[in-house]
Structure formats: structure tokens, C-alpha cells
Amino acid sequence: MSTFFADVDWDMVWEATGSTVYMTAVAGLATFVLGLAIGLLLYATNEELLFKNRTLYSVLSFLVNIFRSIPFIILLILLIPITKIIVGSFLGPTAALPALILGAAPFYGRMVELALREVDKGVIEAAESMGATKFQIIYKVLIPEALPAIVSGITVTLVALVGYTAMAGLAGGGGLGDMAFIEGFQRSQNNITVIATLLILVIVFIIQIIGDLLVKAIDKR
Amino acid sequence: MIRLQDVGKIYRSKRGSVEAVVNVDLSIERGEIFGIIGYSGAGKSTLIRLLNMLEAPTSGSIQIDGVEMTTLKPKELRGVRKNVSMVFQHFNLLWSRTVEENIMFPLELGGYPKARRKERVAELIQLVGLDGREGAYPSQLSGGQKQRVGIARALASNPDVLLCDEATSALDPKTTDSILELLVDINKKLKLTIVLITHEMHVIQKICHRVAVMEAGKIVEQGPVAEVFRHPKQAMTKEFVKQLTSPSENELTFAKLRERYPTGKIVQLTFVGSTAESPILAEVMKDSNLLFNIIGGNVGQTQDGALGTLFIQLLGSEEEAQAVIAKLQASDVEVEVDHR
């Protein structure tokens, strides 16, 4: 065992881990905010009691479906010119962020929409009968009542994002995926590939455990 | 307090239109408990939703406290809704909030000073009898307790009108009675006007002052509860009244008794209010040579006092039977003779 890991450059491993955590965290935060907005917009434009607008809903829904359908690795390549303009380079963890966010936010937005649809219509009607405004219905009823599903949705999305960051590595994004591909595969260092895999698993498990604990704490049903 | 004139509601869809409410005229007085009874699909749920404009009528006028509801702007409507609260069959509580936070919900929606919210919630918890459950979540409460939270929440904004949408239909009989008692209690204490819809006649019997019977979107009969019980006119009304006064096993007994005593006269006596609480039958029979056979009966409570029904068979001469019937009628007892 000790010989298997003997020649590993641990500084490089920790730097790659840091990059993966950085990409997941920043893209995750942006995905959460953007996805929540997309989900609310999808729900609200499709709901009679709120801001029903069939045209807006169809356009939004179409866009979400497109971005959800493009394989991430292709999205990454398609976005290179845009990334160059925004970030100034298409290499490094920060350069991977636009693609990560654009890939994950529509996916999460759809989950948020589903979570909101699960909220009991009767409770919304009750709030309406008490004289709640549409915005009060959104932030006092819909979001708190859908919160467990919103949180478990972001957990699933974060896990998917960890996978995306590994792919982003292939396109020069850095991180554990990049390390596994360049150091592990191209230089035939199997031990590096194993380490990258284990660390990714650890990150995924930590995300899942925190997510599950959060859902358990807020779900009072 | 509440005036409905020629109100109609038609649901239109691609497959055609459904007339849920047809030409309804209704007038509900301040401080009264008004019941609307009908089977499911009769349109009563739609009708009660028209009163706070959760559904907009297709035609007609709805006035509450002199305010025409159908022409209000959204903002004005939200204001009026704080005065017309609603209680639901499935409670519709926010499961993410505790009892206290659920009751506080309408207070947060606007207008109520922050510093006095806690105090108001404590008052309401006291009123509906939920002391000690303030911090519980709805999932930890029984059905009856959930409905108490629903009622407290509805009362938080100090409304003049309380609409009850099948408020007891999801509850067992004992819990139903305790919730009905609570409704009578707040009706008296707070001078609240209560409109309730139900498919259970005993809910009407127990707490309503007046009742309207709905069938196929129309109100087919309405009046004071005791009146409607004594003289049901429409077939639908008779059916509902029968649920209470004449359990089906009596029918069998009638047939047997008619067979055994072909000369006997089977009569149904209905006592309302004070007549149900005094020994009228004994007094009338004391001066008569008639024998009587008690077949069955029951006594229930209404807002105007007791309501009793008794099926008896009179054995003896026709003249004496007629005399007894006349005396009973003179004492304000309804007599219905079985002629079959």
C-alpha cells in the first residue's frame, strides 16, 4: 500500500482537490440562486393564481429543455468563445464556471419547479383567502413549504456538478478530473487515478450527508 | 350582512359548460349561523367560494356588509378578505410552521403591529382550547386539533364572517361535535356570522339557525331549521330530514305492526323546543281510553331547543284516536298519520 502511493505528489493532489471544491462550491451557489429563480419563474408563469403567461412559460420551458439536453462536454466546448470573453481565458477552474452554471442551473430549475408543484393547492388557496398578495404567497407559503424538496434538489445537483467538474478537467479546467486524465491516464500513473476517484467519492458523500441532515431538520411533515 | 342576488357560476371548458350555481338568491343576517346542505356536486362548495371571491361569479351580485364583492379591485378584495375568513375541510395548515406560527400567518400578511402579534396568538390559542400545543407542528396534531388551529387562524384577523367549507367532514362524530360546540361558542362570544356547508344533516340540526337546501346548483328550499325539519316541502329536503328522524329499521316495524294490528293507527309525532321537553303525550293519553305502542323515536338538539320524533301506534276507536290527535296538535305537536 505504502509503495503504491510512494511517488505521489501530494501538493498537486491537494491543489486539484481545492480546485474541484472551488468549482463545485461557486458553481453550486450560482446554480442555487439561478435555478431557484428559473424554477419560480416556470412555476409562476404556469399557475393561474400567480402570473400565468402561456407564451413566457413555453419560451422558458423550451430554453430549459435545450440546455438540459446538450451533453455537458459539448456545452463546455460550445461555450469556449463566450468564456474567453467573460473570464479572459478558457483554462483553469474559473474558466469552467460559466459552463458548469449553464449546465446545472436549468436542471436545478426544473427540480425547483417540480418541488413547488408539490405544494398543496389548498394551502395556497387558504393564504389567498386570508388576503395574501402573490409575492407573499411565494415567499411565505411556496418556498417554505417546498423547502425540503428544494434542498434535496440542490444536493442532487451538487453531486451532478462534481461529475461535471471532472469533465471540465478534460477541457483544461483543472481539478481532480484534470489530474486523473493528465497525470493518471496520460502518464500512466494508476495510483493518481485511484486517488482522484477516492477523493471525488469523499466529496460526493460529504455533500450527500449534509444534504440529508438538512432535509431531515427542516422537514416537519 | 350577506346578500346574494341572482348569482350564477358557469364553468366553461373545451368539453362544454357546467352550471355549478344557478340563480341563487340568499340573504344571511348578522350574527346568524347559516347552513347550506346538499350532496356532493350540488354546487355548495362553489357557492361558499363565491362569498370570498375565491371563485368569481359569472352573473349576479354578492354584497357583504354593503360592499359589492364582484367589482372590487384586487387590492380592495385582499382587504375585504381579512374580514371574511375561511375554514377548510382538510385544514390547509402550513406543515412547515408550528401551531403558533400558523395562527400568526394572517397577522404577518399586513396591518397587524408586530409587538402585539404574540399576545393576539396567545388569546386565540386560549379561545380554541389549544393551550400547551403552541410549539407543535401540524403533523403532531389530531384532526380535531388541526381544525382548532384552522379556526384560530381564521379568527386572527378579527373577521365579521366565518365561512366553513365542510369543516367537520374529515372528522369523527365525537370530534365533529366538539368542533361544532366551538363554532357555537365563538358565534356567541364574538357575534360572528357563520356560513357553513355540509352534507350532514346533524351538523345543520345541531348548530344552524337557518338552512338552505341545494340541489343541482339551485337552492330548492330555505328557512329556519326547526321549520324546515317540521315541514320539509321538497323531496330532497325530506330525504335529508329522514336521515335524522326516521332510521330505516322503523320501516320494517311499521309493516309488522300494521300486520299485527290492522285496526291500529301509526302516527309520527314531532316535538320542537319546549314541547319536546314536557310530558305532553302522557297528559293527553291520561284522559283517553286509547292504548299506545311505542315503535321508536329520538331526540336531538337544535339551536331552538330539543327536536324529538316519536313513532307510536294508537289502539282503540277511530273517534278517540282523532280526539287525541287533535289534542296533540293543539299542544303544538306535529302529527303525521301513516295511511299505508
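We name chains A, B, ... by the order of the sequence lines, and we start the count at 1 in each one. Just so you know, these numbers use all the heavy atoms, side chains as well, and skip hydrogens, waters and symmetry mates.
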Per-residue contact mode, B:E108 against chain A (heavy atom under 4.5 angstrom) = both

If one checks every heavy atom of B:L93 against chain A at 4.5 Å, the contacting part turns out to be backbone

Could you tell me whether the side chains of B:H90 and B:E166 share a donor-acceptor contact shorter than 3.5 Å?
-> no

Taking atom types as modelled, is there a side-chain donor on A:N46 or A:R54 under 3.5 Å from an acceptor on the other?
-> no

A:Q136 portion near chain B, given a 4.5 angstrom heavy-atom threshold | side chain

The residue among B:T175, B:T168, B:T176 that forms side chain to side chain donor-acceptor pair (under 3.5 Å) with B:D172 is B:T175

Salt-bridge criterion met for B:R97 and A:E145 (N-O under 4.0 Å) | no

Engaged part of B:V84 at the chain A interface, taking heavy atoms whose separation is under 4.5 Å = backbone

Counting only heavy atoms closer than 4.5 Å, note whether A:I218 contacts chain B via side chain, backbone, both or neither.
-> backbone

Can you tell which part of A:V141 gets under 4.5 Å to a heavy atom of chain B, answering side chain, backbone, both or neither?
-> both

Run the salt-bridge test on B:E19 and B:K9 with the 4.0 Å N-O cut-off and return the result as yes or no.
-> no

Which bit of B:F105 is near chain A, if near means a heavy-atom gap under 4.5 Å: side chain, backbone, both or neither?
-> side chain

Is it true that a side-chain atom of B:R153 and a backbone atom of B:P106 form a donor plus acceptor pair closer than 3.5 Å?
-> no

